[in-house]
Amino acid sequence: MTVSHGHLEPGAHKRKARTLGHDRTGGADEIRFLAHGMLGYGFPESTLENAVSKGIDVVAIDAGSTDIGPYYLGADVPFVSDAMVRRDLSLLIKAAAETGATVLIGSSGGSGTRAQTLRLRNIVLSLVDDANFTRPVFTIDTELDPEQVARALRSGRIETFETASDLTEDDVRGAAHIVAQMGPEPYIEALGRGAGIVIGGRAWDVSAFVAVPAMEGFDRGLAAHLGKMLECGGQAALPVEGSDLLYGRLFRDHFVVEAPNPDKRCTVHSVAAHTFYEKQDPYSLHGPGGTVDLRDATFTQLNDGKVAVSGSRWVPDRQYRLKLEGARLSGYRHVCVAGIREQRMIHQLPDVLPAIQSRLEQNLGERIKPSEYTVNFRKYGIDGVLGELEPQSVAALTDAHEVGLVIDVVADSAAIAESVCALVRSLTMHWAYPGRIATGGNLAVPFSPADFAAPPVYEFSIYHLMAVDDLSQTFDLALASTGRESEVTA
Amino acid sequence: MTRLDETATVIRSKNAGPFVVTFDVFLPDQVTYDAACDALTVPTLAELFGVAETEIQSFVTHDLVRAIKFSIPRRHSSGSSQDRDVYGAQQYAPLLGVELAL
């Protein structure tokens, strides 16, 4: 396997793709997409077979999201097990080999870091031979070095976004990992060099859908809108569920969304409603380089559970910007989970728990200061989910006959978290509240050990926009395998 | 009076990125959609969710889908140590009991 590094060349986006798909029955005016919205979550093989029989030009795979929280980005571990990823990928790569489709993967490992991209690359390389996939494999690294971001900050190229706070050099140095959500341009570069599979780091989730259309002169707005419809996989079809594939056809002036699973169908409502999912604004999709304006999008029901969409427009930004994501370590967590079945105590929890906190501080004295830890009593059955937003009155809720109590301690070190958690558990177990008759113990502890160390706690510390003038200096494109064909530009 | 959760086809919440939770309500017909639009005003939502009216963001109604959407910045970002709901999936609950004049 040879690995070489190349940077994006200016004008790369203007290169034409080689012919994709062995049987381009749609000809030059149709691109057929198969989408997998969450790599590793599975799909019925019958759905895939159905899609293969229709023909596929691009298999677009979304392997990640920020939905999963900051842990995966901070700790740099994969979100889905290798076994689950292998199952999905081996089937999809075989399908791509049979149909001649190109495979474009984004947000490898969930967070899209450098290490996760390489990990996924290794899995792909172990699968291509058995799948009879003979074309070249490329990777795109979208993790940024802190110095890159610090330089951008110093030269005024960072914009504040949804954190409502300006980025500081401390934020940049303090992040465990920083990635940028790439647009379609790096995929276009790789495709221009002959890629059959591209394994991308963190990516805007529709980038894999825009790349080939952009190269072949299709409308970017339609392609991006199609990508948004398809990238959540089964969610835009009825009945709604996550783990299935979706199929779409892009034409010059419209696209069609269909559920390749014969037990599912897309309706105007299911497809239109999907524009609302996980986004603030159903009329605009913001991404690197511009916005998809959906204001004039029209949805038409076709026969056989398909929907046609037209009218979506791409509005380029004057300044190309990338969204940065970074996570920093914020503490160490130790947890105890236990049940309370005594209503006398449940009634009094609003007084008991603060009293336990006070006693804890007294007992710890100077050894461990309150600033070094926090104790969060999560009371499931009362207000564990909504906290102070819980509309039911405290009185109504503390009528519960049972509460699931999670003692959640986050501290400056694992050792402090462990000590504090044990002390809190012990205090809670033996606490003498007014009217107590259950003097054996207040908690039903399900496990031995009662307390366990949770993985370290991270938080998103960077969620800002970075203005970019030269993408070739931002991301790293690498050839992972030449495959068994020779038309590679290294 | 009818509760919103007795008539809506969808009431949901989800993260729109790690710092914002977005809420959707879909209604089955014009009558219930109109009643929901009357009931779910920005001042009502602000009170229901314990935020200032200016924090009710991107409030949108969509007549084709019969949907009402709004978003609220999170008090705690997704997965931060005090967060209660990493995916933001169960934060819609205060909407369930909203009364519609039907």
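Below, chain A is the first sequence line, B the second, and so on; all start at residue 1. For the numbers below, each heavy atom of this structure counts, side chains included, while hydrogens, waters and symmetry mates do not.
Note: B/H62 and A/Y283 have parallel aromatic rings, judged against thresholds of 30 and 60 degrees for the angle between ring planes.
The nearest pair of heavy atoms linking A/G106 to A/A203 is CA-CB, 4.1 Å.
Both the backbone and the side chain of B/S58 come within contact range of chain A, each with at least one heavy atom under 4.5 Å from a heavy atom of that chain. For chain B, the nearby parts of A/V385 are the backbone and the side chain; heavy atoms of each come within less than 4.5 Å. In this structure, no portion of B/R74 lies under 4.5 Å from any heavy atom of chain A. In this structure, chain A has heavy atoms under 4.5 Å from both the backbone and the side chain of B/N15. For B/V60, the part lying near chain A is the side chain, with the backbone staying farther off; criterion is any non-hydrogen pair under 4.5 Å.
Annotation: side chain of B/S78 is not in contact with side chain of A/T66 (no heavy-atom distance under 4.5 Å).
For the set B/V65, B/L96, B/V20, the count of heavy-atom pairs under 4.5 angstrom toward chain A peaks at B/V65. Heavy-atom pairs under 4.5 Å with chain B peak, among A/I68, A/T374, A/L389, at A/L389. The choice from A/G384, A/S65, A/P391 that makes the most heavy-atom pairs within less than 4.5 Å of chain B is A/G384. The choice from A/E459, A/Q280, A/E390 that makes the most heavy-atom pairs within less than 4.5 Å of chain B is A/Q280. Between chain B and the options A/N376, A/L386, A/V268, A/D408, the largest number of non-hydrogen pairs under 4.5 Å is found for A/L386. Counting heavy-atom pairs closer than 4.5 Å to chain A, the top residue among B/S13, B/A89, B/P18, B/S71 is B/P18.
Look at B/R3 and B/E99 and you find no salt bridge, because none of the NZ, NE, NH1 or NH2 atoms lies under 4.0 Å from a carboxylate O. Residues B/K14 and A/D67 are paired through a salt bridge, judged by an N-O separation under 4.0 Å between the basic side chain and the carboxylate. With salt bridges taken as basic N to acidic carboxylate O contacts below 4.0 Å, none links B/R66 and B/D29.
Within 6.0 Å of atom CD in B/E6, more than 12 heavy atoms from other residues, nucleotides or ligands are found, so the atom counts as buried in its surroundings.
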Given the rule in the ring pair (Phe, Tyr, Trp, His ring centres under 6.0 Å) test, do A/F79 and A/Y71 qualify, once you have shown the distances and angles that lead to the verdict?
CA-CA 9 Å; A/F79 176 56; A/Y71 176 69; over 10 Å; no
